[in-house]
Amino acid sequence: MEKNTLKALQQCPLFEGFTAKDIEQIMDNIPYRLVRFEKKELFLSAGTPCKYADIVVTGEVIARMEGSSGKYMQITSKPVGSLLASAFIFGKNNIIPVNMMASKPTTILRMTPNSMQVLLNIDERFRFNFIQLLSAFCDNLARKVRMLTLHTVREKVAIFLIEQARLNNSDNIILQKSRQEIAESFAIQKFSLQRCLKEFAAENIIQLNGKQITILNKNKLMTLGNITE
């Protein structure tokens with residue numbers, strides 16, 4: 001197994017608790033292949049069935065929901081180690097509701113549902129990790145629906161900033177995505193995001209410096225986002 005592939009699988013929640021040797025041994029039981037995609041290449045289309053279990057080995061995948069008018073909303077981004085479309089791999093109705101494309105040159109480890117079922121059957125750890133992954137998917141979906149439908153722009157931005165601070169374990173946040181991509185991720189316009197950030201800065205809640213945002217008043221931000229510790 002290639003070094004990059006093994007390293008990616010070690011980051012995948014499916015293999016939590018596995019050593020590198022464990023991963024190589026269990027993967028020897030099934031056929032798989034590596035598939036490469038160019039930046040902005042679409043490889044899963046909304047309305048088509050989920051035929052594979054794909055894990056991101058290099059690069060990043062973004063999922064977008066698009067309307068007939070061409071307007072789209074970014075649902076999520078999947079970094080290295082992510083299993084794609086986890087809830088649809090074994091579904092009776094396994095139609096993908098979003099378009100998935102590579103946001104940069106990306107490599108996918110691809111196996112069939114039958115191959116993945118072999119892994120689920122032969123290793124209890126793998127099976128439990130998959131169940132936990134599905135539970136996390138449901139939780140994330142519920143939070144996403146709430147974010148998109150029930151929160152105001154100020155609440156959405158406050159929640160986003162607090163989440164980024166928690167992920168980085170710091171009140172100094174370096175944005176890894178463009179403001180356009182961030183706005184798309186919670187279904188608002190870029191100008192609305194910009195305006196909200198400027199309002200927070202004027203209220204001394206945050207400090208803006210290009211892609212760097214420093215949280216000055218976390219308690220206020222948490223109150224705006226209805227967030228508890």
Side-chain angles (χ1 to χ4, degrees), residues 11-13 16 46 56 59-67 71-88 96-101 103-104 131-229:
Q11 298 178 58
C12 180
E16 184 176 346
V56 183
E60 181 188 56
V61 172
I62 56 176
R64 288 179 172 177
M65 189 168 287
E66 301 187 21
K71 185 177 180 180
Y72 62 83
M73 177 178 65
Q74 184 170 317
I75 302 300
T76 188
S77 60
K78 295 291 187 178
V80 169
S82 299
L83 174 67
L84 304 180
S86 57
F88 298 90
I96 300 291
V98 296
N99 290 328
M100 290 193 181
M101 70 173 65
S103 62
K104 58 183 75 172
I131 293 170
Q132 284 199 314
L133 193 150
L134 291 179
S135 296
F137 173 85
C138 292
D139 178 60
N140 289 334
L141 181 61
R143 289 192 294 109
K144 189 75 175 181
V145 170
R146 183 176 181 83
M147 168 76 87
L148 295 177
T149 60
L150 300 179
H151 291 299
T152 66
V153 171
R154 282 171 66 88
E155 287 171 337
K156 290 178 180 181
V157 177
I159 292 169
F160 168 76
L161 293 173
I162 290 296
E163 287 181 345
Q164 290 300 302
R166 287 176 173 173
L167 285 173
N168 292 281
N169 197 28
S170 172
D171 289 343
N172 293 311
I173 303 165
I174 305 296
L175 299 178
Q176 302 299 319
K177 297 184 179 297
S178 69
R179 281 166 167 72
Q180 181 66 44
E181 291 173 314
I182 293 169
E184 289 170 4
S185 71
F186 38 82
I188 64 173
Q189 298 295 319
K190 178 182 175 181
F191 74 84
S192 297
L193 171 62
Q194 297 275 48
R195 181 180 61 195
C196 186
L197 289 173
K198 289 178 180 178
E199 289 175 356
F200 285 176
E203 296 168 27
N204 292 318
I205 299 172
I206 63 172
Q207 183 179 25
L208 292 174
N209 184 17
K211 287 200 168 186
Q212 181 173 329
I213 297 176
T214 302
I215 297 176
L216 303 176
N217 190 336
K218 182 178 285 186
N219 289 336
K220 178 65 174 177
L221 208 56
M222 292 179 71
T223 299
L224 287 170
N226 295 312
I227 301 169
T228 57
E229 289 288 357

Measuring from Leu193:CG to Gln180:CD, what's the distance to the nearest 0.5 Å? 9.5 Å
Donor-acceptor pairs under 3.5 Å, side chain of residues 200-216 to any protein atom, not counting sequence neighbours: which ones?
| residue | atom | partner | partner atom | Å |
| --- | --- | --- | --- | --- |
| Glu203 | OE1 | Arg154 | NH2 | 3.2 |
| Glu203 | OE2 | Arg154 | NH1 | 3.3 |
| Thr214 | OG1 | Asn172 | OD1 | 2.9 |

Write down the atom of Ser86, the atom of Leu134, and the distance for their closest heavy-atom approach. O-CD2, 3.6 Å
Taking the side chain as C-beta and beyond, is there a heavy-atom pair between Leu167 and Gln164 under 4.5 Å? yes
Can Arg179 and Leu197 be said to form a side chain to side chain contact (heavy atoms under 4.5 Å, CB included), step by step? CA-CA 10 Å; Arg179 281 166 167 72; Leu197 289 173; 3.9 Å; yes
Taking all atoms of both residues into account, what is the closest heavy-atom pair of Gly81 and Pro13, and its distance? O-CD, 3.5 Å
Are side-chain heavy atoms of Pro79 and Val56 found at a separation under 4.5 Å? no
Determine the minimum heavy-atom distance between Ser192 and Val153, stating which atoms define it. O-CG1, 4.1 Å
Closest non-hydrogen atoms of Val98 and Ala63, given as atom of the first, atom of the second and distance, are CG2-CB, 3.8 Å
Side chains of Glu181 and Ile62: closer than 4.5 Å at any heavy-atom pair? no
Here the gap from Cys12 atom SG to Leu133 atom CG, rounded to the nearest 0.5 Å, amounts to 7.0 Å
side-chain hydrogen bond (donor to acceptor under 3.5 Å, both in side chains) filter on Gln11, not counting sequence neighbours, yields none
Mind checking the NZ-OG spacing from Lys177 to Ser103? Nearest 0.5 Å is all I need. 5.5 Å
Between the CD1 atom in Ile162 and the CD1 atom in Ile173, the distance rounded to the nearest 0.5 Å is 7.5 Å
Could you grab the distance from atom CD of Glu155 to atom SG of Cys196, nearest 0.5 Å is fine? 10.0 Å
Rounded distance (nearest 0.5 Å) linking atom CG of Leu84 with atom CE of Met100: 5.5 Å
